[in-house]
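Here's the structure, in structure tokens; my notes come after.
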Amino acid sequence: MTTAAATAVTQLRSEALAALEAAPDQRTLDAWRVEYLGRKGKLTGVLRGLAELSIDERKAIGAAANALKIELEAAYDARTEELRHKSISEALEHGKIDITLPAHPHRRGRLHPVTQTLREFLEAFRSMGFSIVEGPEVELDYYNFEALRIPPDHPARDMWDTLWVDYEKDGRRPMLLRTHTSPAQIRIMEEHKPPIRVAVPGRAYRFEATDTTHEWMMTQVEVLAIDEGLSLAHMKGTLLGVMRRLFGSERRIRLQCSYFPFVEPGAEVAMDCFVCSGAGCATCHGSGWIEMGGAGMVHPEILENMGIDSSRYTGFAAGMGIERLAMQLYGVPDMRYFYQNDLRVLQQF
Ligand code: FA5
């Protein structure tokens, strides 16, 4: 090792360690780090100078400089820790930290009101012997429409403003963000034979303007029961039972004739508006009722298409909107509050 280069490393070491020892605070420590260990610092200067040395010298001085780097980094960490402890003890001594003060409370997370409603809703079905299953959110046109008796160009497609993710081109099958959870009916019937009793929770998407009771993304639960001898009375009893469990016996529920190509007969399930109790207000768009879901008896043609004997089996299906239920359950007058992520709103539930 050349004396000059070796001396430079030794000097640098004692200079750096002395400066570190003398550093009174974190700011000085930071400056120290830049001065000795930084990219343009003194130690890097030594390493750069290696190029001018012979191979043997380079090896020896290089090793010494690298060892010094490790030593200085460790010394820096130790000094940082030392100063941190010192400042805490000083603060304690001078009474700056009052350890008798209560700690800041930890904010507890909670489930989103729509999730809470969904869980209660599903629990009601589970307690009646329904299984909970799920289906895909990105769906084939076949399951979302065609197999539900809504062929291309059928006017009923206008009932669901669709967000397409892929059009039929290059031989690919058209896909979409499911507009409702009803495609799950087909998927279940493909795989299971009666008796069937399932509830299918999930998100659905529609290309539509938002207002107090409409969002472009919503949560639905599809209910499907197929067995011998099921009638509209079973459907009504099941839905009323679940609604009463959730909302109590005071709420009024109305089943009204409606049309969905995949059920016959079809019905709309509505509940009296919690804001005006049926008098008519902005929340219920003046009608006094809020539509909660669609329902009906599974169309016999669908049963047959799925290989289920429609002379032996009948079934009912329903698709309920969970945001609408959550509005009722928690008295929220505008659905859009649920997805604005304003904690002042969400923390109330
Ligand atoms: C359907 O989606 C049918 N699949 C329901 C069905 C299932 C009928 C099985 C028959 C048999 P509809 O488009 O009406 O129907 O929607 C069902 C429920 O989803 C509505 O009653 C409402 O509660 C909710 N919903 C519909 N559109 C929206 C929206 N844009 N925002 C929030 N909730 C909505």
NZ (Lys86) with more than 12 external heavy atoms under 6.0 Å: no

Sidechain N-carboxylate O distance under 4.0 Å for Glu215, Arg206: no

Donor-acceptor side-chain pairing of Thr181 and Arg203 below 3.5 angstrom: no

Lys/Arg cation over aromatic Tyr76: Arg33, 6.0 Å, 45° cone: yes

Within-4.5 Å side-chain heavy-atom neighbours: His154 and Phe145: no

Pairwise side-chain contact, Ser182 with Phe262, heavy-atom cut-off 4.5 Å (strictly under): yes

Nearest atoms (heavy-atom pairs only) where Ala317 meets Gln185: CB-NE2, 3.4 Å

Pair Thr80-Asp77, side-chain donor/acceptor within less than 3.5 Å: no

Any donor-acceptor pair under 3.5 Å from Thr44 side chain to Lys40 backbone: no

From CA spacing to verdict: side-chain hydrogen bond (donor to acceptor under 3.5 Å, both in side chains), Tyr330, Gln348: CA-CA 9 Å; Tyr330 296 110; Gln348 297 175 55; over 6 Å; no

Side-chain heavy-atom pair Trp32, Leu72 within 4.5 angstrom cut-off: yes

Pairwise distance CZ(Arg336) to OG1(Thr212) - rounded to 0.5 angstrom: 6.5 Å

Side chain to side chain contact (heavy atoms under 4.5 Å, CB included) assessment of Glu190 paired with Met306: CA-CA 6 Å; Glu190 271 180 352; Met306 293 296 118; 4.0 Å; yes

Separation of Leu20 CG from Thr28 OG1 (nearest 0.5 Å): 10.5 Å

Check: Ser311/Asp309 side-chain N/O donor and acceptor closer than 3.5 Å: yes

Derivation and outcome, side chain to side chain contact (heavy atoms under 4.5 Å, CB included), residues Ile150 and Glu146: CA-CA 5 Å; Ile150 315 168; Glu146 279 184 52; over 6 Å; no

Neighbour count above 12 (heavy atom, 6.0 Å) for Tyr259 OH: yes

Flag side-chain contact, heavy atom, 4.5 Å: Leu177 against Val165: yes

Under 3.5 Å side-chain donor-acceptor pair for Asp272 and Ser277: no

Contact check, side chains of Ile226 and Ile308, non-hydrogen atoms, under 4.5 Å: yes

Enclosure of Ile55 CD1 (heavy-atom neighbours >12, cutoff 6.0 Å): no

Flag, side chain of Arg324 to backbone of Met292, donor-acceptor distance under 3.5 Å: no

Output field: ring centroids His180/Phe260 closer than 6.0 Å: no

No-hydrogen, no-angle side-chain donor-acceptor test under 3.5 Å, Tyr339 and Glu323: yes

Under 3.5 Å donor-acceptor, His94 side chain and Ala91 backbone: no

Arg119, CZ atom: more than 12 neighbouring heavy atoms under 6.0 Å: no

Any donor-acceptor pair under 3.5 Å from Thr314 side chain to Ser310 backbone: no

Atom pair CZ (Arg244) and OG (Ser249), whose distance is rounded to the nearest 0.5 Å: 7.0 Å

Trace of the side chain to side chain contact (heavy atoms under 4.5 Å, CB included) decision for Leu118 with Val221: CA-CA 8 Å; Leu118 179 64; Val221 170; 3.4 Å; yes

Separation between CG of Leu122 and CD of Glu120, rounded to the nearest 0.5 Å: 10.5 Å

Residues Ser127, Arg245; criterion side chain to side chain contact (heavy atoms under 4.5 Å, CB included); working and verdict: CA-CA 11 Å; Ser127 72; Arg245 182 173 157 152; 3.0 Å; yes

Heavy atoms of other groups near Lys42 NZ, more than 12 under 6.0 Å: yes

Ring geometry between Phe121 and Phe125 (parallel below 30°, tilted from 30 to 60°, perpendicular above 60°): perpendicular

Any donor-acceptor pair under 3.5 Å from Gln116 side chain to Leu111 backbone: yes

Which atom of Pro333 lies closest to which atom of Gly331, heavy atoms considered: CD-O, 3.5 Å

Check: Leu230 main-chain N/O paired with Asp227 side-chain donor or acceptor under 3.5 Å: no

Ion pair Asp342/Arg344, N-O distance below 4.0 Å: yes

Any Met335 side-chain heavy atom under 4.5 Å of His214 side chain: no

Point-to-point distance, once rounded to the nearest 0.5 Å, from CE of Met271 to CE of Met243: 5.0 Å

His112 side chain vs Phe338 backbone, donor-acceptor pair below 3.5 Å: yes

Donor-acceptor pair, side chain of Thr162 and main chain of Trp164, under 3.5 angstrom: no

Pair Glu57-Ser54, side-chain donor/acceptor within less than 3.5 Å: yes

His192: side-chain contact (heavy atoms from CB on, under 4.5 Å) partners, not counting sequence neighbours: Ile188, Ile196

Arg178 (side chain) donor-acceptor with Pro183 (main chain) under 3.5 angstrom: no

Test item: Arg149 and Ile302 side chains (from C-beta on) under 4.5 Å apart, heavy atoms: yes

Test item: Thr238 and Phe130 side chains (from C-beta on) under 4.5 Å apart, heavy atoms: yes

Axial cation check for Tyr143 ring with Arg187, 6.0 Å and 45° limits: yes

Other residues, nucleotides, ligands: >12 heavy atoms within 6.0 Å of Trp289 CH2: yes

Side-chain (Arg197) to main-chain (Met128) donor-acceptor, under 3.5 angstrom: yes

Pair Asn305, Glu301: side-chain N/O donor-acceptor within cut-off below 3.5 Å: no

Residue Phe247 excluded, over 12 heavy atoms near CZ under 6.0 Å: yes

